[in-house]
Amino acid sequence: LACSTISIFVCLKLEVMVHSILLGSLLISSANALNWAFLASASNTYENYRHQADICHAYQILVSQGFNKDNIVTMAYDDIANHEDNPFPGKVFNTPDPDGLGVDVYDGCKIDYKGDDVSAQNFLSLLLGNATTSGPTLNMGPDDDLTLLYFDHGAPGLIQFPAGDTVHASEFQTTLKTMHDQNRYGRMVIYIEACNSGSMLDGLPVDINIYGVTAVSADYPSLGTYCGYQASINNTMIGSCLGDLFAVYWMKFVSEGDGSHSLNDMFQSVSDDVASYAALHYGHEINVQYGDLSIGDLTVKDFFYGDSTRLSAPFSSPFVAPTDVSAAPRLAMDRHQLAYSEVSAMPLFHGEARWRQMLNATQDLQDLLDEQKTTQQLYWDLVMYAFPGEQGYDDRYRAWTTKSPPLHPACEKQVHETLMKFCTQSNVDVTTSYALQFHQVVVNLCSDDKLGWGANPTLGVFEASVTCEKLGSEASSLVV
């Protein structure tokens, strides 16, 4: 206020009134602000048990920290708890307990979007606040904070959904920017557990109040844990990994603390723990921060706690240190090899039932080997058809070894979808974690100026469809 035209007394009184009004507005805004959470696990099949175990454990932690259940929206296929391979029907475990009954994270886990409703379209629609036909929405306001937790398979520039649909990094970040432009939130934190998860947040703007952390950078696989013999409850093997290393450790930090530590403290602690295991693996599975890093100075309580009046007893799932970790693309083979080894040991000491189990495990292992061999063949042939003959050797080498960034979303998605649609007859599923590691080849081909796929995706779609057509009819060209 300019005090030259009015008395000093009146001026100061007016200033106090204005400040009181502003402070009151801020307090009202703060009082009305809500914490929301969106938890998504976008995989299915017993092979991916760990993703649904992660999401249910995360849900239980949030509720115990005072989150209003109505402010948590969850998305999970929900085919694990009652799967025929589950030795504990109706239960899901995220932490091993070889000598005890374990902690069932499925009990009380509210799942809003199940089965076919776990889709890329619903995922993006929920973020944008659009109504869906099957569940609740994220009815957020401009002062509300959102915690987005994602557990699934990824590849360079995309995350995969069960029906084969995908969300590209460009779509995801466009959605986030639209949310900001529409005042859909006050602040947001994102934690992504997936292979190549860094590629989803590379280039995330620093001025839209979003802080993101990924399990790995853009170029590496994430790590599953509590697998094999450690995946045991009450002396019974689960037959699939129980958790993901990054998710297991950030949940440990949140559940064991009082919320007073900063998100940066959490990042440092979790990344140190993950790095200690990664050093025994490829050595490059490191957590990465993106976006507005100043949000990292805020506390865990700001995003992982709800109303203090709703606090309940901490969700009790005692932490168990992992004994081993494995990159996601190899987990299917590890699982089938272990099942085969278990039932084929000393077969003559067991009866007919074990013999049948051995035959089934042998066939399952052989089927997986055949599928993975055909998957290798598919991407090999795609490169060979793109750059044929001796003159194409250098181009083929680049297609296999380059780490091009995913900057051609139309081409990358359309080629991937074509492979998914037309190669199923040849026993190839390009949505598995094993197959998705080869998606970098598609990204590289779409980035190659010689081919022109990036500018004209129909060229790539044609090559992909031809590759699928020839895959089942030609002798292996992988032999050199």
Notebook entry, point to check: In this structure, are over 12 heavy atoms from other groups packed under 6.0 Å from His83 atom NE2?
Noted result: yes
d(Glu412 CD, Ser404 OG) to nearest 0.5 Å is 9.0 Å
Q. Are any of the side-chain heavy atoms of Met333 and Leu369 separated by less than 4.5 Å?
A. yes
Sequence neighbours excluded, the answer for side chain to side chain donor-acceptor pair (under 3.5 Å) partners of Thr147 is none
> Should Glu193 and Ser222 count as side-chain neighbours, where that means a heavy-atom distance under 4.5 Å?
Replying inline: yes
### Message
Using modelled atom types and a 3.5 Å cut-off, is there a donor and acceptor pairing between side-chain atoms of Tyr113 and backbone atoms of Gly135?
### Response
yes
Self-check item: Side-chain (Asn287) to main-chain (Ala215) donor-acceptor, under 3.5 angstrom
Solution: yes
Aromatic centroids of Phe67 and Tyr59 separated by under 6.0 Å:
no
*Geometric class of the Tyr277/Tyr249 ring pair [parallel <30°, tilted 30-60°, perpendicular >60°]*: tilted
Notebook entry, point to check: Will you find, in the side chains of Asn234 and Asp97, an N or O donor that is under 3.5 Å from an N or O acceptor?
Noted result: no
Is there a donor-acceptor contact under 3.5 Å from the side chain of Asp258 to the main chain of Ser260? yes
inquiry  = Under a 3.5 Å threshold, yes or no: a donor from one side chain and an acceptor from the other, between Gln440 and Asp219?
reply    = no
When every non-hydrogen atom of Thr45 is compared with those of Asp79, the smallest separation belongs to N-OD2, 2.8 Å
Worksheet item: Counting only heavy atoms not in Asp116, do more than 12 fall under 6.0 Å of its CG?
Response: no
d(Thr214 OG1, Ile190 CD1) to nearest 0.5 Å is 10.5 Å
On a heavy-atom basis, the closest approach of Glu171 and His168 is OE1-N, 2.8 Å
Apply ring-ring contact (aromatic ring centres under 6.0 Å, His included) to Tyr191 and Phe303, showing your working. CA-CA 12 Å; Tyr191 286 74; Phe303 296 96; 9.1 Å; no
In short, Thr95 meets Ile233 closest at the heavy-atom pair O-CD1, 3.6 Å
Step-by-step side chain to side chain donor-acceptor pair (under 3.5 Å) determination, Asp202 to Ser199: CA-CA 5 Å; Asp202 267 344; Ser199 64; over 6 Å; no
The reported gap from NZ in Lys373 to CH2 in Trp380 (rounded to nearest 0.5 angstrom) is 12.5 Å
- prompt: Would a 4.5 Å heavy-atom cut-off, applied to side chains only, mark Tyr49 and Val92 as touching?
  reply: yes
Please check this pair: side chain of Asp265 against backbone of Ser262, looking for a donor-acceptor N/O pair closer than 3.5 Å.
yes
**Message:** Tell me whether the rings of Tyr397 and Tyr393 are parallel (<30°), tilted (30 to 60°) or perpendicular (>60°).
**Reply:** parallel
Polar contact flag, side-chain donor to acceptor under 3.5 angstrom, Asn444-Ser447: no
Discussion item. Test your reading of the model: is there a side-chain donor-acceptor pair from Asp112 to the backbone of Pro136, 3.5 Å cut-off?
Written reply: no
Sorted by chain and number, sequence neighbours left out, side-chain contact (heavy atoms from CB on, under 4.5 Å) with Gln357 holds for Val343, Arg354
request  = In sequence, state the C-alpha distance, the side-chain angles, and the governing distance for Met384 and Arg396, and then conclude on side-chain contact (heavy atoms from CB on, under 4.5 Å).
outcome  = CA-CA 7 Å; Met384 290 293 290; Arg396 292 197 299 271; 3.3 Å; yes
Here the ring pair (Phe, Tyr, Trp, His ring centres under 6.0 Å) pairs for residues 90-112, sequence neighbours left out, are Phe88-Phe93
Close side-chain approach of Leu39 to Leu62, heavy-atom, < 4.5 Å = yes
Residues 51-107 vs disulfide (SG to SG under 2.5 Å), sequence neighbours excluded, gives Cys56-Cys109
Closest non-hydrogen contact found for Leu445 with Ala386 is CD2-CB, 4.2 Å
Residues pairing under disulfide (SG to SG under 2.5 Å) where one sits in residues 222-262, two or more places apart or in two chains, turn out to be Cys227-Cys241
Notebook entry, point to check: Can any side-chain N or O of Ser64 pair as donor or acceptor with the backbone N or O of Ile61 at less than 3.5 Å?
Noted result: yes
* Just checking, is any N or O donor in the side chain of Asn48 or Gln52 under 3.5 Å from an acceptor N or O on the other one? -> no
Minimal heavy-atom distance between Ile295 and Leu263, with the atoms involved, is O-CD1, 3.7 Å
Hey, does Phe304 have a side-chain heavy atom less than 4.5 Å from the side chain of Gln65?
no
Any donor-acceptor N/O pair, Thr375 side chain to Val428 backbone, under 3.5 Å
no
- Please assess Leu204 against Gln173 for the test side-chain contact (heavy atoms from CB on, under 4.5 Å), listing each intermediate value before the final yes or no. CA-CA 7 Å; Leu204 182 68; Gln173 293 201 28; 4.1 Å; yes
Practice task
Kindly say whether Tyr229 contributes a backbone atom to a donor-acceptor pair with the side chain of Ser232 at under 3.5 angstrom?
Solution key: no
message: Donor-acceptor check, side chain of Lys110 to backbone of Ile72, threshold 3.5 angstrom: yes or no?
response: yes
What verdict does the side-chain contact (heavy atoms from CB on, under 4.5 Å) test give for Leu127 and Phe172, after you've listed the backbone C-alpha separation in whole Å, the side-chain angles of each residue and the deciding distance to 0.1 Å?
CA-CA 10 Å; Leu127 289 173; Phe172 184 49; 4.0 Å; yes
Distance col, row Met420:CE vs Asp429:CG, nearest 0.5 angstrom, shows 9.0 Å
| query | What orientation do His439 and His416 show, parallel under 30°, tilted 30 to 60°, or perpendicular over 60°? | reply | perpendicular
Distance col, row Ile192:CD1 vs Leu149:CG, nearest 0.5 angstrom, shows 10.0 Å
How about CH2 on Trp400, more than 12 heavy atoms from neighbouring residues, nucleotides or ligands closer than 6.0 Å, or not? yes
Exercise. Quick check: are there more than 12 heavy atoms from other residues, nucleotides or ligands sitting under 6.0 Å from NZ of Lys421?
Worked result: no
CD (Glu352) with more than 12 external heavy atoms under 6.0 Å:
no
On a heavy-atom basis, the closest approach of Pro322 and Thr225 is CB-OG1, 3.0 Å
_Between Asp364 and Tyr340, is the side-chain contact (heavy atoms from CB on, under 4.5 Å) condition met? List the steps._
CA-CA 9 Å; Asp364 288 344; Tyr340 169 78; over 6 Å; no
TODO: Check the pair Gln268 / Asn264 against side chain to side chain donor-acceptor pair (under 3.5 Å), numbers first and verdict last.
DONE: CA-CA 6 Å; Gln268 193 59 57; Asn264 281 329; over 6 Å; no
Residues passing the side chain to side chain donor-acceptor pair (under 3.5 Å) test with Glu256, sequence neighbours excluded, are Lys252
Rounding to 0.5 Å, atoms CD (Gln425) and SG (Cys468) come to a distance of 7.0 Å
Query raised in the report: Is it the case that Gln366 and Asp370 place a side-chain donor and acceptor less than 3.5 Å from each other?
Result: yes
Flag, side chain of Asn94 to backbone of Leu242, donor-acceptor distance under 3.5 Å
yes
